[in-house]
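Structure first, then comments.
Note that the structure is a prediction, hence the values are computed from the model and not measured. Residue numbers start from 1 in every chain, and the chains themselves are labelled A, B, ... in the order their sequence lines are given, proteins ahead of strands.
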Number of protein chains: 2
Amino acid sequence: MIVSDDKNWVMSMSFYTEDSLKAELHERGWRLTPQREIILDIFQNLAAGKHLSAEDLYELLKSEGHDISLSTIYRTVKLMARMGILRELELAEDHKHYEINQPYHHHHHLICVRCNQTIEFKNESVLKIGDKTSKKEGYHLLDCQLTIHAVCPSCQRSILPVS
Amino acid sequence: MIVSDDKNWVMSMSFYTEDSLKAELHERGWRLTPQREIILDIFQNLAAGKHLSAEDLYELLKSEGHDISLSTIYRTVKLMARMGILRELELAEDHKHYEINQPYHHHHHLICVRCNQTIEFKNESVLKIGDKTSKKEGYHLLDCQLTIHAVCPSCQRSILPVS
DNA sequence: CCCTAATTCAGACTTATTCTCAATAAGGCT
DNA sequence: AGCCTTATTGAGAATAAGTCTGAATTAGGG
Ligand SMILES: [Mn+2]
Ligand SMILES: [Mn+2]
Ligand SMILES: [Zn+2]
Ligand SMILES: [Zn+2]
C-alpha cells in the first residue's frame, strides 16, 4: 500500500497489516507467504535504531522458533528493500543491515572509519533534498540516506595502528 | 597535508604532490611507496564523475604498464579512504568504487534499485549538514555522501520480473 | 478442489575482500 | 654510502556475504 502526501512524493506507509502487505505484493503479481509475514513482523517490532543483518535475522528468527532458511531471508530483505518497505544500510561492517523504512523514524549515520562506531542522527532537510532530486529526474523515491565518514574523538586521540 | 578553512572543519586538500602525500603518510608513521604514488596519480587524473573498483584500477594500471598486485590495490584504496584522500562509494553493484575526495567535485548518487542506473548530482547543503553533525559529535569529518534509492522512469513503466 | 506459477529450502557455488608469510625496500641513523 | 629496523609488497590461500540451482512445496485464481 502506498500513501502520497501533500508534497506529491510517495513513501511506504508506516505500518503493514497482513492485508496491506498482501495487497502490495499482489499489485506486482507476488504472493504473501508466512515467511514474508513473519520477517516483516520482526522489523515492525524492532526497537527504534536497531538494524539487522541477514545473519542476525536468521538467528533471531531461529530463537523465536521460526525455521526460515537463509536463502529465503536474503531474498526477502532484498525484495522488501526494492519495494521500499525496508532500508538497506551500508554501515562500516562487511555486510548489509536492514531496518523498517518509516518517515517518522527516518535517520542517518555518522560512522568512524577506524573503529566503526556508528551514531544515528536525524535531519529534516535530507529527505527534502532526496525528494526534490528524485522528482526532478522523474525517479520514484524509495529511501535516502546521508552517510558521514569521519574519525571519532577516541580514535583521533589514539596512535594509528599500521594498516 | 591538511587544510582548515574558515568554518573550522578539516578536509583533505585538492591536489597532492609527491611531497604532500609523503608528508601526510609520515605524519602517521607510514611510508611513501611507488605503488601509492602511482595509484593516487591515477585518481587525481581521472575524469570528473568517473570512479573505479579495485579490479578496474588493477586493469587500468596493467594497461599502463604498472604491475601492482591486487592485494596492494585493495590495501591502498582502503588506506587512502581512511585518510580522507579517496571516497569509498557503495553503489548498486556488488563491489566498492573509489574516487578522489575533493570538495570541488563533491557530489552524490541517485540509484535505481531495479536496473542500477546511477545519476550523480550536486547539492550544497549536504556538506554543511555533514560538517555540522560531525562537529557536534566531535568527529573529524572525512566525507559525506547522500545516497538516494529510487525507481527510474524506465523501470516504473516496465513490468516487474519475478524476483 | 485443481492447476499453474511463485516460493521455499538445502546446499553448491561465486567472488569480493582479507589474511598469511616470506621477500623486499623506505627511510632514519651513523 | 651503508646499516638496520620495520613497513610494505606480492602470490596465493582463506574467508564469508550473497547468489544460484533444482526439486519439493504452496499460494491463490478459477
Ligand atoms: Mn552486523
Ligand atoms: Mn563497477
Ligand atoms: Zn573511532
Ligand atoms: Zn531503473
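For the 3.5 Å distance criterion, the side chains of A/Glu120 and A/His107 qualify, holding a donor opposite an acceptor. In this model, a donor atom of one side chain and an acceptor atom of the other lie less than 3.5 Å apart for A/Ser125 and A/Asn123.
Whole-Å rounding puts the B/Ile73 CD1 to D/dT8 P distance at 17 Å. Counting to the nearest Å, the P atom of D/dT21 and the CG atom of A/Leu70 are 18 Å from each other. The interatomic distance linking A/Glu55 (CD) with D/dG18 (C1') rounds to 11 Å, in whole Å. Rounded to whole Å, the distance from NE2 on A/His97 to P on D/dA17 is 10 Å. Summarising the geometry, the separation between CD on A/Glu93 and C1' on C/dA16 is reported as 17 Å, rounded to the nearest angstrom. The interatomic distance linking A/His95 (NE2) with C/dT17 (C1') rounds to 15 Å, in whole Å. Computed from coordinates, the A/Leu91 CG to D/dA17 C1' distance equals 15 Å when rounded to whole Å. One can place CZ of B/Arg82 at 15 Å from P of C/dT17, the figure rounded to the nearest angstrom.
Pairing each heavy atom of A/Leu142 with each of A/Ala81, the nearest pair is CD1-O, 4.2 Å. Taking each heavy atom of B/Asn116 and B/Val113 in turn, the nearest pair found is OD1-O, 4.2 Å.
In the helix from C/dC1-D/dG30 to C/dT30-D/dA1, the end axes, each obtained as the rotation axis mapping the C1' atoms of four pairs onto the next four within a five-pair block, lie 50° apart to the nearest 10 degrees.
Residues A/Arg82 and A/Glu88 are not paired through a salt bridge, judged by the lack of any N-O separation under 4.0 Å between the basic side chain and the carboxylate.
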Under 3.5 Å, which protein N or O atoms sit close to an N or O of nucleotides 11-16 of chain D? Give each pair with its distance.
unit_1 : atom_1 : unit_2  : atom_2 : d
D/dA11 : N7     : B/Ser71 : OG     : 3.3
D/dA11 : N6     : B/Ser71 : OG     : 3.3
D/dG12 : O6     : B/Ser71 : OG     : 3.1

So which protein N/O to nucleotides 25-30 of chain C N/O distances come out below 3.5 Å?
unit_1 : atom_1 : unit_2  : atom_2 : d
C/dA26 : O3'    : B/Leu32 : O      : 3.4
C/dA26 : N3     : B/Arg31 : NH1    : 2.8
C/dG27 : OP1    : B/His26 : NE2    : 2.8
C/dG27 : OP1    : B/Leu32 : N      : 2.9

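Other residues, nucleotides and ligands place more than 12 heavy atoms under 6.0 Å from the CD atom of A/Glu64.
Side-chain nitrogen and oxygen atoms of A/Gln35 include none within less than 4.0 Å of the OP1 or OP2 phosphate oxygen of D/dT26. OP1 or OP2 of D/dG18 has at least one side-chain nitrogen or oxygen of A/Tyr74 nearer than 4.0 Å.
In this structure, NZ in A/Lys62 is found 12.0 Å from CD1 in A/Ile68, a value given to the nearest 0.5 Å.
For the pair B/Phe15 and B/Gln44, the minimum side-chain heavy-atom distance is below 4.5 Å. For the pair B/Asp143 and B/His106, the minimum side-chain heavy-atom distance is below 4.5 Å. When side chains are defined from C-beta on, A/His149 counts as touching B/Gln145, because their heavy atoms get closer than 4.5 Å.
Along DNA chain C, the nucleotide nearest A/Ile68 and the nucleotide nearest B/Ala54 are compared for position; the residue whose nucleotide lies closer to the 5' end is A/Ile68.
Classification of the B/His108-B/Phe121 ring pair by plane angle, with boundaries at 30° and 60°, yields tilted.
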